[in-house]
Student: 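Encoded as structure tokens, here's the structure I'll be asking about.
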Amino acid sequence: MEVDDLKAKDKMKNTIRLEEMKNTGTAAPVPTEAEVAARVDALLGRMSLEEKIGQLTQIGGASFVPGPKPEDVIRKGGAGSVLWLNDTKQFNALQKIAVEESPSKIPLLFALDVIHGYRTIFPVPLALASSWDPVVAERAQAVAAREARAAGLHWTFGPMLDIARDARWGRIVEGAGEDPCLGAAMAAAQVRGFQGPSLGAPDRVVACAKHFAGYGAADGGRDYDPVYLSEGQLRNVYFPPFEAAVKAGVGTFMSAYMDLNDVPASGNRFLLRDVLRGEWGFKGFVVSDAFAVGSLVTEGFARDGRDAAFRALRAGLDMDMASNTYLEHLAGLVEDGALELADIEAAVRPILAIKIRLGLFEQPYTDESKLAQVVALPEHREEARLAAQRSMVLLRNEGRLLPLAKNLKNVAVIGPLADSQEATEGSWMVFGHTPAAVTVVEGIRAKLPGAKVAYAPGPEIRRDIPSMFDEMFGVKKAAQTPEQAEAAFQTAVDTARDADLVVMVLGENADMAGEAASRASLDLPGRQEELLEAVVALGKPVVLVLLNGRPLSIGWAAEHVPAILEAWEPGSEGGHAIADILFGDVNPGGKLPVTFPRKASHAPLYYARNLTHSPEGSPRYSHRYWDGPTTPLYPFGYGLSYTTFAITNLKVAVPQVKVGSSVAVTADVTNTGSMVGDEVVQLYIHQKAGSDSRPMRELKGFERLTLKPGETRTVTFLLGPAELGHWSTSAGKWVQDTEDFDVWVGADSLATLHADLAVVR
Ligand code: NOJ
């Protein structure tokens with residue numbers, strides 16, 4: 001195959017064909033750029049300055065947001081968008097005020113965080129990334145978009161594209177993990193899923209690439225803490241998912257909360273103007289994170305609200321989320337001559353353009369009966385189950401304990417998460433959502449209709465410091481007393497003792513990962529480890545199912561529990577999907593999108609580190625710490641299957657490739673076991689010398705394949721200038737060095753099948 005054919009094939013590979021997703025709405029004709037621009041000009045021509053500033057204002061519709069009533073603000077034309085509201089009737093009522101009573105009658109954009117499903121909940125994004133299958137992510141977000149749109153939402157605050165290399169950081173759950181190549185693929189897929197082929201496609205919503213940029217590198221993994229990243233790290237590691245989102249046509253961006261190299265991301269011209277618009281040609285609009293314009297003062301950057309509004313707008317931030325700083329100060333800034341009317345209009349334009357493209361002027365309202373019909377579509381549950389199956393990672397399977405036989409008669413399912421709908425659906429639910437997942441106990445009972453399946457939760461687990469969201473939403477959770485916990489512990493051990501096989505379901509509650517949910521430890525919270533050890537001591541076969549939103553330190557389990565399934569937070573159909581895997585109806589094929597460190601104190605730990613003066617494993621200084629190994633517990637890209645694979649016959653088409661040209665890399669993958677299964681074939685490179693030190697390994701391609709027993713397929717990857725070049729700190733620009741490279745292809749980031757490649761003039 002020619003390189004061009006390969007490139008075309010590569011483009012197609014991960015895109016679902018649109019006719020595969022049935023639409024429930026009707027497509028509006030797609031207007032041309034010129035038509036949109038003309039309509040925007042006409043609108044601007046009849047809007048007052050106050051109304052223009054209103055379009056730059058997103059108000060909170062929830063009761064916890066201080067300030068005037070949304071109705072009153074909207075009536076005056078003081079809001080372009082509303083967030084934190086989730087009720088079709090209310091959307092229609094507010095929209096009626098906007099389009100009938102506000103001065104220029106411009107419809108509102110309704111926005112909400114629809115992160116991994118609206119009513120049908122999909123695996124959390126970290127789990128979707130574990131599928132290493134962008135089609136899974138695209139379809140999941142297409143279903144989420146369809147439900148959200150049916151409810152009356154136009155815009156979601158996703159996908160979250162922050163590279164996260166520190167498992168302590170709570171928001172690691174919301175993204176695709178530690179790697180820019182996997183992250184970029186998942187970014188583009190999610191944008192396609194949310195938005196469809198174009199902005200305004202039926203049953204889709206506008207996506208928002210967030211949080212731009214560097215948020216995942218918070219000092220110490222502490223949420224909101226400052227971030228210091230070199231330009232090289234930003235461009236080589238943290239930006240690629242965002243650039244991929246722009247290339248996929250994402251409509252909006254959200255600026256991050258924290259300081260990036262001492263300049264808050266929401267007032268950061270380098271990010272919002274120079275890179276996003278200047279270099280990448282982004283044409284949509286940028287919204288701040290919630291209250292972030294106001295926070296420019298809190299962060300010690302802006303002098304006061306006026307200064308904050310001025311600096312944010314000048315930096316390229318178009319819409320102020322919830323802080324009302326623009327509403328209060330922009331008009332004064334224009335009147336004083338500090339800002340030009342043109343500055344305001346430049347920010348309003350892309351907002352109006354999106355409203356036009358969405359067809360909101362023609363169809364501002366939502367049919368209130370639609371959501372029920374859409375949510376009932378059976379394929380939504382099927383997609384959720386499939387996504388969950390494909391997202392799980394088999395970490396250990398000693399003695400081939402899994403898959404389990406379906407003639408088991410007496411099973412115990414133990415652990416605080418085993419029957420928790422909340423933990424099964426995971427973090428980041430849309431406002432007002434009631435968890436309704438199939439739990440692990442239910443999933444196992446459905447597989448073993450005639451058997452005894454006993455359940456005992458053991459002691460509860462809870463955060464030491466309650467979540468800020470509990471306070472916001474008035475959630476009160478009564479704590480178990482130590483005596484109750486002890487009784488629950490004993491009951492759990494007794495229940496396990498009575499069974500022939502035990503499935504332990506441990507990990508983290510939904511509120512233990514996510515925003516403001518960082519941890520100093522990666523241990524199993526509460527008494528879970530103790531319970532696990534007590535149950536394993538009974539001598540029964542034990543399977544550990546993990547429900548969690550981040551890597552955990554499960555070193556003891558990794559040595560003593562024969563079978564471990566990383567199920568993440570798998571969503572509405574989680575319990576069924578887990579049972580499908582445990583009982584062999586589905587062969588697991590997910591791989592880790594993040595390194596599992598042995599301990600929290602090893603964080604940040606990621607595979608794409610630079611070599612050092614004395615590389616790890618070298619005889620002189622093989623260890624980084626003297627008190628134990630710092631190698632990962634499980635490496636990036638790792639995951640087992642019930643079958644086995646051999647990856648062989650690595651070929652680099654030509655030993656030398658010219659700068660600017662591409663070379664094909666092929667390898668054969670064979671299913672050497674006796675069950676149909678999936679392998680994710682991964683390509684890594686290392687540039688041996690050059691303008692800068694480069695990571696010892698970098699992922700540059702991957703493909704997930706399903707193979708029958710005995711089947712062999714050849715996988716082809718392309719290495720071109722994008723893969724073989726990098727942003728050079730020493731040169732201050734993008735370079736492609738004429739140097740030697742290592743190439744590896746394999747089943748995880750420790751792949752050993754090696755070839756050489758040289759880049760030449
Ligand atoms: C704050 C979070 O950081 C962001 O991810 C979210 O989209 C907004 N709040 C809106 O809810």
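Atoms within each ligand, like the ligands themselves, are counted from 1 in listed order.
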Student: Does an N or O anywhere in Tyr215 fall below 3.5 Å from an N or O of ligand 1?
Tutor: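 No.
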Student: Answer with yes or no after comparing the ring centroid distance for Tyr215 and Tyr238 against a 6.0 Å cut-off, counting only values under it.
Tutor: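 For Tyr215 and Tyr238, the ring centres are not under 6.0 Å apart.
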Student: Under a 4.0 Å threshold between the charged nitrogen and the carboxylate oxygen, would Arg277 count as salt-bridged to Asp318?
Tutor: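 A salt bridge links Asp318 with Arg277.
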Student: Would you call the rings of Trp84 and Phe64 parallel, tilted or perpendicular if under 30° counts as parallel and over 60° as perpendicular?
Tutor: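 Trp84 vs Phe64 ring planes: tilted.
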Student: Is there a side-chain contact between Arg519 and Pro525 in this structure, where contact means two heavy atoms from C-beta onward sitting under 4.5 Å apart?
Tutor: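 Side-chain contact under 4.5 Å: yes.
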Student: Is there a heavy atom of Glu174 sitting under 4.0 angstrom from any atom of ligand 1?
Tutor: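 Heavy atoms of Glu174 never come under 4.0 Å of ligand 1.
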Student: For ligand 1, which atoms have a heavy atom of Lys210 less than 4.0 angstrom away?
Tutor: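 Heavy-atom distances to Lys210 below 4.0 Å select 4 (C), 5 (O), 6 (C), 7 (O).
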Student: Would you please indicate yes or no on a ring centroid separation below 6.0 angstrom for Phe122 and His116?
Tutor: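 Centroid separation for His116 and Phe122: 6.0 Å or greater.
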Student: Given that the side chain starts at C-beta and the backbone is N, CA, C, O, which of these parts of Met160 lies under 4.0 Å from ligand 1, counting heavy atoms, or is it both or neither?
Tutor: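 Near ligand 1, Met160 shows nothing, with every heavy atom at 4.0 Å or more.
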Student: Cation-pi check, Arg311 to Phe301: give yes when NZ or CZ is under 6.0 Å from the six-membered ring centre and within 45° of the ring axis, no otherwise.
Tutor: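 Output yes; distance and angle both within limits.
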Student: When only distance counts, is Asp113 in polar contact with ligand 1, meaning an N/O pair under 3.5 Å?
Tutor: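 Checking ligand 1 against Asp113, an N or O pair does fall under 3.5 Å apart.
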Student: So is His211 polar-close to ligand 1, meaning N/O to N/O under 3.5 Å?
Tutor: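 Among all N and O atoms of His211, at least one is under 3.5 Å from an N or O of ligand 1.
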Student: Which part of Arg171 is near ligand 1, with near meaning a heavy atom under 4.0 Å away: side chain, backbone, both or neither?
Tutor: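 Just the side chain.
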Student: To check your reading of the model: name the closest protein heavy atom to atom 8 (C) of ligand 1, its residue, and the distance in Å.
Tutor: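 For atom 8 (C) of ligand 1, the nearest protein heavy atom is Asp289 OD1, 3.3 Å.
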